[in-house]
Every structure is written in C-alpha cells, then in structure tokens.
Amino acid sequence: TVAGRIAHTNAPDGEARLDLAQLQALPSRTIETTTPWTKGVQSFTGVAVAELLRHLGADGARLHATATNAYEVDFPVTDATNHDGIIAYLHNGAPLAADKGPLWIVFPYDSDPALLGDRFRNASIWNLATLTLH
C-alpha cells in the first residue's frame with residue numbers, strides 16, 4: 001500500500017494498493033550486491049523506488065515505511081531515488097523468504113560505502129507493508 005501525496009490511486013481512501021502482480025508489471029531492476037544481513041554477493045530483483053513513485057505521481061519529500069513486523073522508518077525520498085533503491089520481490093531469483101518478504105527495500109550497497117551506514121541500513125526495511133509520502 002502506498003498512501004499520502006500520490007496522484008494515482010486505486011482505493012476509495014486515496015491509497016494505491018498494489019499486489020505482487022502489479023509490482024511485477026512495472027519495469028524491474030536487478031541489483032547484485034553484498035548486504036549486511038546475508039553472506040556473499042546476492043541478487044535482488046524488484047521495482048526501482050523512483051519508478052514506483054513516478055508511476056503513482058508521487059510528490060513528497062519523505063517516505064514513511066512500515067513493516068508487517070511493526071518496524072517503522074522515516075527517510076528522505078531522495079535517499080531511495082538518488083541511490084538506486086529498489087523494492088525487491090525476488091532474492092536470487094526466488095520469492096523472498098518469509099523473514100524478509102514479501103518486499104524488501106534494497107540498495108546497491110557495494111556501489112557506495114555510505115550505503116552501509118546506519119541511515120541506509122535503517123531504510124532497508126524488509127517485510128515492507130506500506131509507504132506513505134509526506
């Protein structure tokens with residue numbers, strides 16, 4: 001679910017509720033990277049956060065993300081859009097494991113040491129359920 005400052009909605013409450021098939025219908029991107037939570041180089045496929053926000057006509061400076069496990073994080077939209085963040089739905093070609101999926105915000109951590117700092121680690125929310133644009 002994406003809520004907040006978006007132009008294109010599909011629910012009466014002004015939200016965009018996207019199922020996996022709808023996310024997979026958007027252009028996908030694959031990142032090959034190590035992560036702080038896995039061993040060795042991993043492959044993650046999903047929709048670029050920037051692409052999803054463009055698709056929804058988003059106009060906001062901050063993203064508030066919540067997970068199914070009650071974790072919440074708030075971060076600048078530009079952290080995800082300027083650093084090639086994706087909303088991953090595949091890990092090494094398979095659906096994400098239950099402890100990380102169904103969706104996980106992933107960055108190309110190996111491309112920039114700053115992506116391994118707390119700011120981006122905190123934004124790398126797994127079990128992603130909702131995004132709200134502010």
**Prompt:** Do the non-hydrogen side-chain atoms of D84 and I31 ever get within less than 4.5 Å of each other?
**Reply:** no
**Request:** Please round to the nearest 0.5 Å and tell me the distance separating atom CH2 of W126 and atom OG1 of T35.
**Result:** 8.0 Å
**Request:** Check the hydrophobic clustering (I, L, V, M, F, W, Y; side-chain heavy atoms under 4.5 Å; chains of links allowed) and say if L90 and V41 are grouped together.
**Result:** no
**Request:** For I6 and V2, work out which heavy atoms get closest and say how close.
**Result:** CD1-O, 3.3 Å
**Request:** State, with a plain yes or no, whether a side-chain heavy atom of I105 is found less than 4.5 Å away from one of V73.
**Result:** no
**Request:** Grab the two heavy atoms, one from L56 and one from A16, that are nearest each other, plus how far apart they are.
**Result:** CD2-CB, 3.7 Å
**Item:** Straight-line distance of N127 CG to L96 CG, nearest 0.5 Å
**Value:** 9.0 Å
**Message:** When you measure from the side chain of Y71 to the backbone of N122, do you find a donor-acceptor pair of N or O atoms at a distance under 3.5 Å?
**Reply:** yes
**Request:** Considering non-hydrogen atoms only, spot the tightest contact between A88 and V106 and give its length.
**Result:** CB-CG2, 4.0 Å
**Message:** For A129 versus T68, what's the shortest heavy-atom pair and its separation?
**Reply:** CB-CG2, 3.9 Å
**Prompt:** At what distance, to the nearest 0.5 angstrom, does OG1 of T45 lie from CD of E32?
**Reply:** 7.5 Å
**H134 side, atom NE2; L63 side, atom CG - distance, nearest 0.5 Å** = 8.5 Å
**Message:** Can you tell me how far apart OG (S28) and CD1 (I87) are? Round to the nearest 0.5 Å.
**Reply:** 13.0 Å
**Prompt:** Can you name the nearest heavy-atom pair linking I86 to G46, along with the distance?
**Reply:** CD1-N, 3.8 Å
**Item:** Check: L133 main-chain N/O paired with R5 side-chain donor or acceptor under 3.5 Å
**Value:** no
**Asked** Under 3.5 Å, side chain of N10 to main-chain N/O of R17, donor-acceptor pair present?
**Response** yes
**Prompt:** So F44 and H91, would you call those rings parallel, tilted or perpendicular, with 30° and 60° as cut-offs?
**Reply:** parallel
**Request:** Please report the C-alpha distance between H55 and H8 in whole Å, then the side-chain angles of each, then the deciding distance to 0.1 Å, and finally whether the side chain to side chain contact (heavy atoms under 4.5 Å, CB included) criterion is met.
**Result:** CA-CA 8 Å; H55 176 74; H8 309 296; over 6 Å; no
**Message:** Under a 3.5 Å threshold, yes or no: a donor from one side chain and an acceptor from the other, between E72 and T66?
**Reply:** no
**Item:** L131 and V49, any side-chain heavy atoms less than 4.5 Å apart
**Value:** no
**Message:** For residues 101-129, which residue pairs pass the salt bridge (Lys or Arg N to Asp or Glu O under 4.0 Å) check, not counting sequence neighbours?
**Reply:** D79-R119
**Request:** Determine yes or no for a side-chain-to-main-chain donor-acceptor pair under 3.5 angstrom, with T33 supplying the side chain and Y109 the backbone.
**Result:** yes
**Asked** Can you name the closest pair of heavy atoms from S124 and F107 and give their distance?
**Response** OG-CD1, 3.5 Å
**Check: L52 and L18 side chains under 4.5 Å, non-hydrogen atoms** = yes
**Request:** Decide yes or no on side chain to side chain contact (heavy atoms under 4.5 Å, CB included) for L53 and T81, but give the supporting numbers first.
**Result:** CA-CA 9 Å; L53 297 181; T81 59; 4.1 Å; yes
